[in-house]
Chemist: 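Quick one: this structure, given as structure tokens, is what I'll be asking you about.
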Amino acid sequence: MKKKVTIIGGSGTIGTILRKGLGEKYDIFILDKNVPVESDHFLQVDATDYQMLLKSIPKDSTSIINLLTIKTEKDFEDIDQFHKMINIHFISSFYILHAAKTLGIPKVVFASSNHTTDYYERNGVSALGREITIDDYPFSRGLYGVLKLASENIGHIIAHEPDCPNSVINLRIGSVHNREQINVKKDPRLHRTLLSHEDTVQLFDLALQSTVKFGTYYGVSDNPGKPWSTENAWKELGFVSRVNAMDVLNDI
């Protein structure tokens, strides 16, 4: 019998990639406010409503993947936009982790972001003269990165509570695009920051399988000049990039 994986916020780009790439291995169930293109095994849910979320997560889930995201503008200037960001990127993150603990679901994989440390990166180039690691203090340029980091830290608290069985894996995603060949050709930054579709599927699969209690990893393919280190993802998860940006370009 396939293990059930519930993807919250699974109607977007990464959710679509994972549904296609992991659908034969896992029983994928999507929770989202937006209806996906393929709506089998889907339930429409507002993740900012805790009671709705708690009732909607299948009780037989073995893992939850949190892909929730929202795009806003001027979130430091517009109070309404600020609250939208907090609701999705902080409050809902807590709700998901709390629900997993309440329901006895042992694994949460959180799609964090490279923007937790984007102070050190410009146009896909590290400003540190070396690859950015998870040990570098996470300075961010915007609210998005700050809230992603805050959500990582909530996971750390829950995973390290006494007698708590939950495992939390944070994946600081580089750049994932639906039409990756077209976008890599257009945007030179992606030559360094791309996380290819194949590597996306592999990384999330390894996170689902891992026995790590708590871990944070950058998600980027082995692109020439990539700004983030994936050394700990290799050592702790077994991640080895299979398709990088140059492979995508050469396949056009």
Side-chain angles (χ1 to χ4, degrees), residues 6-16 30-36 42-57 64-102 108-124 127 132 134 136-159 161 168-178 183 187 189 193 195 214 216 218-219 227-228:
T6 295
I7 305 180
I8 301 176
S11 295
T13 297
I14 295 180
T16 301
I30 305 294
L31 298 180
D32 204 318
K33 198 171 184 179
N34 301 314
V35 180
F42 164 78
L43 186 63
Q44 193 166 30
V45 172
D46 180 357
T48 65
D49 183 329
Y50 178 71
Q51 292 302 323
M52 177 187 288
L53 182 68
L54 190 65
K55 293 176 182 177
S56 300
I57 297 173
I64 294 174
I65 297 176
N66 176 5
L67 298 180
L68 287 176
T69 190
I70 187 173
K71 293 182 179 180
T72 62
E73 295 181 359
K74 299 181 179 180
D75 45 45
F76 270 136
E77 301 172 25
D78 187 314
I79 295 299
D80 290 336
Q81 297 297 312
F82 178 84
H83 282 290
K84 285 181 181 179
M85 287 286 283
I86 290 176
N87 284 337
I88 292 296
H89 293 297
F90 183 68
I91 294 176
S92 291
S93 295
F94 172 75
Y95 285 171
I96 290 169
L97 288 161
H98 191 280
K101 181 180 177 182
T102 300
V108 176
V109 179
F110 173 55
S112 187
S113 172
N114 69 85
H115 288 285
T116 55
T117 55
D118 62 8
Y119 180 82
Y120 303 119
E121 179 257 316
R122 286 282 191 185
N123 298 318
I132 302 161
I134 62 164
D136 292 311
Y137 188 84
F139 283 120
S140 303
R141 286 198 173 93
L143 181 62
Y144 177 71
V146 169
L147 295 176
K148 284 289 189 178
L149 176 63
S151 294
E152 290 182 7
N153 288 337
I154 293 174
H156 184 272
I157 293 170
I158 289 180
E161 286 183 341
V168 180
I169 303 295
N170 302 311
L171 301 178
R172 293 179 177 174
I173 305 299
S175 304
V176 180
H177 287 265
N178 184 28
N183 285 285
D187 187 353
R189 179 178 183 269
T193 66
L195 178 63
F214 177 85
T216 300
Y218 282 102
W228 310 290

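Given the structure is predicted, the values throughout are model-derived calculations rather than measurements.
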Chemist: Please report the interatomic distance CD(Gln44) to CG(Asn34), rounded to the nearest 0.5 Å.
Modeler: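 So the CD of Gln44 and the CG of Asn34 are separated by 7.5 Å.
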
Chemist: Between Thr48 and Ile91, does a side-chain contact (heavy atoms from CB on, under 4.5 Å) hold up when you go through it step by step?
Modeler: CA-CA 7 Å; Thr48 65; Ile91 294 176; over 6 Å; no

Chemist: What distance separates Tyr95 OH from Gln51 CD, expressed to the nearest 0.5 Å?
Modeler: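 If we round to the nearest 0.5 Å, Tyr95:OH and Gln51:CD are 9.0 Å apart.
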
Chemist: Could you list all the side chain to side chain donor-acceptor pair (under 3.5 Å) pairs where at least one residue sits in residues 111-122, not counting sequence neighbours?
Modeler: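 Every pair satisfying side chain to side chain donor-acceptor pair (under 3.5 Å) with a residue in residues 111-122: Ser112-Glu152, His115-Asp118, Thr116-Arg172, Thr117-Tyr218, Glu121-Arg189.
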
Chemist: What's the separation between atom CD1 in Ile64 and atom CD1 in Ile57, rounded to the nearest 0.5 Å?
Modeler: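 Ile64 atom CD1 to Ile57 atom CD1 measures 4.0 Å (nearest 0.5 Å).
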
Chemist: Just so I know, are the side chains of Ile8 and Leu53 near enough to count as touching, which here means a heavy-atom distance under 4.5 Å?
Modeler: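 In short, these two side chains touch, coming nearer than 4.5 Å.
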
Chemist: Go through the steps for Thr69 and His89 under the test side-chain contact (heavy atoms from CB on, under 4.5 Å), then give the verdict.
Modeler: CA-CA 7 Å; Thr69 190; His89 293 297; 3.5 Å; yes

Chemist: Report the C-alpha separation of Ile65 and Ile14 in whole Å, then their side-chain angles, then the decisive distance to 0.1 Å, and conclude whether the side-chain contact (heavy atoms from CB on, under 4.5 Å) test is met.
Modeler: CA-CA 11 Å; Ile65 297 176; Ile14 295 180; over 6 Å; no

Chemist: Please name the pair of heavy atoms, one in Leu68 and one in Lys148, separated by the smallest distance, quoted to 0.1 Å.
Modeler: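 For Leu68 versus Lys148, the nearest heavy atoms are O-NZ, 3.8 Å.
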
Chemist: Which heavy atom of Gly145 sits nearest a heavy atom of Ser140, and at what distance?
Modeler: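 Shortest heavy-atom contact: C-OG, 3.5 Å.
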
Chemist: Less than 4.5 Å apart, any side-chain heavy atom of Asn170 and any of Phe214?
Modeler: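 Of all side-chain heavy-atom pairs linking Phe214 with Asn170, at least one is under 4.5 Å.
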
Chemist: Specify the closest pair of heavy atoms between His98 and Tyr50, including all atoms of both residues, with the distance to one decimal.
Modeler: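 The answer is ND1-OH, 2.8 Å.
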
Chemist: Sorted by first residue and then second, give each salt bridge (Lys or Arg N to Asp or Glu O under 4.0 Å) pair with at least one member in residues 80-89; sequence neighbours left out.
Modeler: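 For residues 80-89, and leaving out neighbouring residues, there are no salt bridge (Lys or Arg N to Asp or Glu O under 4.0 Å) pairs at all.
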
Chemist: Report the C-alpha separation of Ser11 and Asp32 in whole Å, then their side-chain angles, then the decisive distance to 0.1 Å, and conclude whether the side-chain hydrogen bond (donor to acceptor under 3.5 Å, both in side chains) test is met.
Modeler: CA-CA 6 Å; Ser11 295; Asp32 204 318; 3.3 Å; yes

Chemist: Check Phe82 against Leu143 and note the closest heavy-atom contact, atom names and distance.
Modeler: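 Closest heavy-atom pair between Phe82 and Leu143: CD1-CD2, 3.5 Å.
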
Chemist: Working to the nearest 0.5 Å, report the span between CD1 of Ile158 and CG of Leu97.
Modeler: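 With rounding to 0.5 Å, CD1 (Ile158) is 4.5 Å from CG (Leu97).
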
Chemist: Where do Thr193 and Ser175 come nearest, in terms of heavy atoms and distance?
Modeler: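 It is OG1-OG, 2.8 Å.
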
Chemist: Listed by chain and number, what are the side chain to side chain donor-acceptor pair (under 3.5 Å) partners of Thr13, not counting sequence neighbours?
Modeler: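 Thr13 satisfies side chain to side chain donor-acceptor pair (under 3.5 Å) with no residue once adjacent residues are dropped.
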
Chemist: Drop me the distance from Ser56's OG to Leu43's CG, to the nearest 0.5 angstrom.
Modeler: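 One gets 4.5 Å once the value is rounded to the nearest 0.5 Å.
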
Chemist: Test Val109 against every option in Leu67, Leu171, Asn66 by the side chain to side chain contact (heavy atoms under 4.5 Å, CB included) rule and name the one that passes.
Modeler: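 Only match with Val109 under side chain to side chain contact (heavy atoms under 4.5 Å, CB included): Leu171.
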
Chemist: Can you name the closest pair of heavy atoms from Ala47 and Ser92 and give their distance?
Modeler: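 Reported closest heavy-atom pair: O-OG, 3.2 Å.
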
Chemist: Please walk me through it: do Phe110 and Ile96 pass side-chain contact (heavy atoms from CB on, under 4.5 Å)?
Modeler: CA-CA 10 Å; Phe110 173 55; Ile96 290 169; over 6 Å; no

